[in-house]
Structure formats: C-alpha cells, structure tokens
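Accompanying notes for the structure given below.
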Amino acid sequence: MTTFFNGIDRLKYDPDATGLAFRHYDPDERLMGKRMEDHLRFAVAYWHSFAWPGGDPFGGQTLDRPWFGDTMDHARMKADVAFEMFDILNVPFFCWHDADIRPEGDSFAESQRNFEEIVDIFARKMESSRTRLLWGTANMFSHRRFMAGAATNPDPEVFAWSAASVKLCMDATHRLGGQNYVLWGGREGYETLLNTDLRRERQQAGRFLQMVVDYKHKIGFEGAILVEPKPQEPSKHQYDYDVATVYGFLKEFGLEKEVQLNIEQGHAILAGHSFEHELALAASLGILGSIDMNRNDYQSGWDTDQFPNNVPEVALAYYEVLRAGGFTTGGTNFDAKLRRQSLDPVDLIAAHAGAMDVCARGLKAAAAMLEDGSIERMRKERYAGWDRPDARALLESATLQDCHDRVIDSGIDPSPRSGRQEILENIVNRFV
C-alpha cells in the first residue's frame, strides 16, 4: 500500500452523505432489468488520472505526483496507486495506453521489457482486485517519431514500429482479459497538403487496420476492435474525423463488420456535432461499441477533457445507448482530467465520484424516458405513413415514372405536418 490516498475510504452509496460518497450511483439499483453497474460499466483512464502532469496549451506541469519519473520504480508505484484508487471507487474497469504505464526505453526491446513487467504486475494485482480491463491501446502520437503519424507516416520504418507496438498491446490486452482493443489515430492526419499524399496515406491506414483485425483472429481475441473518431488537434485535419467519416473508411476496406467505434463526447463537439448525434448515427450503422465520457468547455477551441457535470447532456447520450440495446463489450470510460489547480489526492477521487453520479442521474432519466415511451410513440407516429403497402412500394420497386404517375393520378398535394419538437423537448425536461 502507498500513502497517497491515506484517510480516504472506499466510497459507498449514501444519498444523504455530506462527504465523499455516491449520492446517485447505486451499483445494485435495477433499471430496465439490469444492475446500474452493468449498464454503465465505468472505467478509469490510466493516462489522465495517473500520467497527466497538469499542463495546457499555454502552460506546463502543475501536478506533482510521487510516481512522476522515468524509472521502473516510478511505474511500479504508479500501478500501486492506480489499483488503490480503483478499490476506493469500486470501479469494474480501467483502460491504459502502453506509454503511460511504462517508461520509454532506449530501444524497442527495452520498452517492451518495461511494458511486459508492468503487465505482469497488472495481472498479479487483478487476481485480488474486482477491476477488469475494458481496453488497452498503443500511444502512437506523443513520441517525436510519430510527428507525421503512425500508420500514415511517410517513413515505412515508423509504420513497422507502430505495427509492432500494436501487436504488443493486443497481446497484453488479450492476456489481461480486456474486452476491447482501441486505436486512436492521434496524428493520423496532416498539417499541410503541400507535403501530403492523401491517397497513399489512406491506403496505409486501411492496410494497418486490416492487419490489426487479422491479428485479432489469429490470437483468438474475442473482444471488439474499436476506432476512436476525432476531427482535429493535434493534426490540422484527422482522417478519422467523425462517425460518418470512419464508417466510410471502414466500408472502403471491407471492415464495417469487424470494427466498431469508441465515441468521445469532447471529440463529437470538436467535430461540430452533439454527443447524442454521434451515438445515434453509430448505432444506426451498427458500429456503436463504447464511449469516452467527458465534456468540453464550449468557450475554448481545444479538447479540454473535463469530467461530465451536465445531466441533461448525459441523459440524451445514454438514451441513445439504451435505444441501441446498451453496451456489450463497451462501457463508460472517463477520458477526463483534473483542472490544473486541482492538486490534492482527494480531488482525483471527488472528480470521479461526481462524474459517476452525473452518469447515474443521466442513465436513470434515460431509462425512465424509454419506459414512459412517449418519445418513441411520437417517433413511430411521425413515420407511420411509410407502413402502408403503397408507401413501402416506393422504396422497394417504384420508379421515378411510377411516382410521377401516382402524383398525377391521385392528385397528391402534401400538407406539412408538425415535427412537435417543443413537445418532445418538454417531455425530456420532465425527466431531467
């Protein structure tokens, strides 16, 4: 045991508590026939919680942690603190990047040895912990070797290095019983078109993902392969811009049945969408896998990765998740970081506890809306005309000439009908 969280006990559900506790998140509360914990499937993000130094685009490190450093002793201490926090929060899952759990070595082989030692530590700790691995991933964006991308890099040696890194991380994810494997193309994009071959880089990215899928089947990994969309930052334009863009990419390379998406609230906002839009679109395309839960500052132009605190936003997001049938291998990963001035250990616990409560409130509102059924009844009524045989024929067999003849022969003169948006919004507001 470390002394970092001294004095902080495991959090419990206590709606009347005045100190650290869950006031809304009751893991055993049943909603729509399932425990709340099994709906939400919370995960702690290793990188933001234990590796982020507190910087922003305009200033450097503000956080001072005893495990910050580049030695294996620091990495071991970091693992000890991480599992202590998992126990305090009683979370079912965590997630990691390779570069955030081990120090960088002087060679790939040394980095691999460092990585595998920490994975061994995780495996031992997981024997006595209830916390499982939601997903692992390779950090292929922070080191300077990735400044021009990983899979899309103009240097084939960087492509090979990246593929080797993913192989190691997939092996570790599989060994630790991970339920997904994620690829985030942090620098898979371009800064200027003047030195970029878009077609070549797209083909490289497609081949890379095909290799990942092939390796998944080779090792018998039964989890999902997830791609995480993001439109910009750090690259000027990223190839995995949003759900629609990634789906087009998957279709091009025949991977739409093999790969799902990990969708982040903050990235959706940067792409000019709402979180619920991206979730609903992914669900309609059959590629909704998991979510990174956070929020963006709407007055800032970058990815601020704040903990969620907006219940109506969260409720609409979980409404789409529940409409899609809920998570299978996916879950709710808090890809969120403390503010630069939140320096104390208790801040890290309080941030997660508050976010878990916000998600619980949002989930309960979403479940209540679905069980009430008003929104879905109104949605069904809006499209009821398409259930008539003559209407179905428009999509199944009609030609433009058939449509023309029908309009003329039947004297069709459509009258607009209300979309009832305000009524629907009022229904939502009854629950949130």
Side-chain angles (χ1 to χ4, degrees), residues 10-15 21-46 83 85-96 126-136 173 176-182 221-224 226 260-265 275-276 279-280 282-283 286-294 307-308 311 313-336 352-372 431-432:
R10 176 182 287 186
L11 302 194
K12 294 179 172 58
Y13 170 65
D14 182 356
F22 299 120
R23 294 167 182 80
H24 300 275
Y25 175 58
D26 178 1
D28 294 320
E29 181 178 347
R30 298 191 71 82
L31 301 165
M32 300 179 67
K34 187 186 294 187
R35 294 173 64 249
M36 184 181 288
E37 179 182 87
D38 297 330
H39 274 296
L40 292 166
R41 293 167 60 85
F42 285 132
V44 171
Y46 208 93
F83 274 82
M85 192 174 96
F86 302 159
D87 181 66
I88 290 171
L89 295 171
N90 199 28
V91 289
F93 297 104
F94 73 113
C95 304
W96 48 254
M126 290 170 71
E127 291 176 0
S128 58
S129 171
R130 72 179 300 266
T131 303
R132 306 293 93 188
L133 178 62
L134 186 65
W135 51 259
T173 300
L176 295 174
Q179 302 200 10
N180 311 270
Y181 184 81
V182 170
F221 178 59
E222 296 182 355
L226 305 177
Q260 297 176 336
L261 300 191
N262 183 59
I263 300 170
E264 179 179 314
Q265 196 268 5
F275 194 19
E276 61 267 25
L279 294 170
I287 54 173
L288 174 57
S290 194
I291 65 173
D292 275 2
M293 179 60 79
N294 55 25
F307 282 90
V311 174
E313 277 188 349
V314 170
L316 291 175
Y318 282 120
Y319 188 83
E320 298 302 333
V321 172
L322 292 177
R323 279 188 69 218
F327 297 123
T328 53
T329 61
T332 302
N333 174 49
F334 289 115
D335 190 359
H352 283 86
M356 292 163 77
D357 269 347
V358 167
C359 290
R361 292 175 65 190
L363 178 74
K364 287 190 280 191
M369 284 190 284
L370 269 175
E371 290 178 327
D372 171 78
F431 294 95
V432 299

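Across every non-hydrogen atom of Leu133 and Cys95, the tightest pair is CD1-CA, 4.2 Å. Scanning both residues, Ala315 and Val432, for their nearest heavy atoms gives CB-CG1, 3.6 Å. Asn262 and Trp135 make their closest contact through ND2-CZ2, 4.0 Å (heavy atoms, listed as atom of the first residue, atom of the second, distance). Between Ser290 and Leu226, the closest heavy-atom pair is CB-CD1, 3.7 Å. In this structure, Val314 and Cys359 approach most closely via the heavy-atom pair CG1-CA, 3.8 Å. Pairing each heavy atom of Pro308 with each of Val358, the nearest pair is O-CG2, 3.7 Å.
Applying the side chain to side chain donor-acceptor pair (under 3.5 Å) test to pairs two or more places apart or on separate chains, none has a residue in residues 354-365. Pairs engaging residues 314-324 under the salt bridge (charged side-chain N to carboxylate O under 4.0 Å, His left out) rule: Glu320-Arg323, Arg323-Glu376 [sequence neighbours left out].
With sequence neighbours excluded, the residues that form a side chain to side chain donor-acceptor pair (under 3.5 Å) with Asn333 are Asp292. Among residues two or more places apart in sequence or in another chain, the salt bridge (Lys or Arg N to Asp or Glu O under 4.0 Å) test is passed with Asp372 by Arg430. Every residue meeting the salt bridge (Lys or Arg N to Asp or Glu O under 4.0 Å) condition with Asp87, not counting sequence neighbours, appears here in chain and number order: Arg10. Partners of Glu37 by salt bridge (Lys or Arg N to Asp or Glu O under 4.0 Å), not counting sequence neighbours, listed by chain and number: Arg35, Arg130. Among residues two or more places apart in sequence or in another chain, the salt bridge (Lys or Arg N to Asp or Glu O under 4.0 Å) test is passed with Arg41 by none. Legend: residues meeting side-chain contact (heavy atoms from CB on, under 4.5 Å) with Ala366, ordered by chain and number and at least two apart, are Tyr318, Tyr319, Leu322. Residues forming a side chain to side chain donor-acceptor pair (under 3.5 Å) with Asn294 (at least two apart in sequence, or on another chain): Glu264, Asp305. Residues forming a ring pair (Phe, Tyr, Trp, His ring centres under 6.0 Å) with Phe83 (at least two apart in sequence, or on another chain): Phe86, Phe94, Phe122. In this structure, the ring pair (Phe, Tyr, Trp, His ring centres under 6.0 Å) partners of Phe42, at least two apart in sequence or on a different chain, are Tyr25, Phe334. Phe221 meets the ring pair (Phe, Tyr, Trp, His ring centres under 6.0 Å) test with His174; sequence neighbours excluded.
Distance OH/Tyr13 to CE/Met36: 7.5 Å, rounded to 0.5 Å. The distance from the CE atom of Met32 to the CG atom of Leu363 is 9.0 Å, given to the nearest 0.5 Å. Taken to the nearest 0.5 Å, the CG atom of Leu40 stands 8.5 Å off from the CE atom of Met356. The CH2 atom of Trp96 lies 6.5 Å from the CG atom of Leu176; values are rounded to the nearest 0.5 Å. From Gln265, atom CD reaches atom CD1 of Ile291 across 9.5 Å, with rounding to the nearest 0.5 Å. Atom CD1 in Ile263 sits 5.0 Å away from atom CG in Leu279 (nearest 0.5 Å).
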Test side chain to side chain contact (heavy atoms under 4.5 Å, CB included) on Glu371 and Leu31 and set out the steps. CA-CA 10 Å; Glu371 290 178 327; Leu31 301 165; over 6 Å; no

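Side-chain contact between Leu316 and Phe275: absent, with no pair of heavy atoms (C-beta onward) separated by less than 4.5 Å.
Listed for the Thr131 side chain is a donor-acceptor partner under 3.5 Å among the backbone atoms of Val91. A donor-acceptor contact shorter than 3.5 Å is absent between the side chain of Thr329 and the backbone of Gly223. For Arg132 (side chain) and Met126 (main-chain N/O), a donor-acceptor pair under 3.5 Å exists by modelled atom type.
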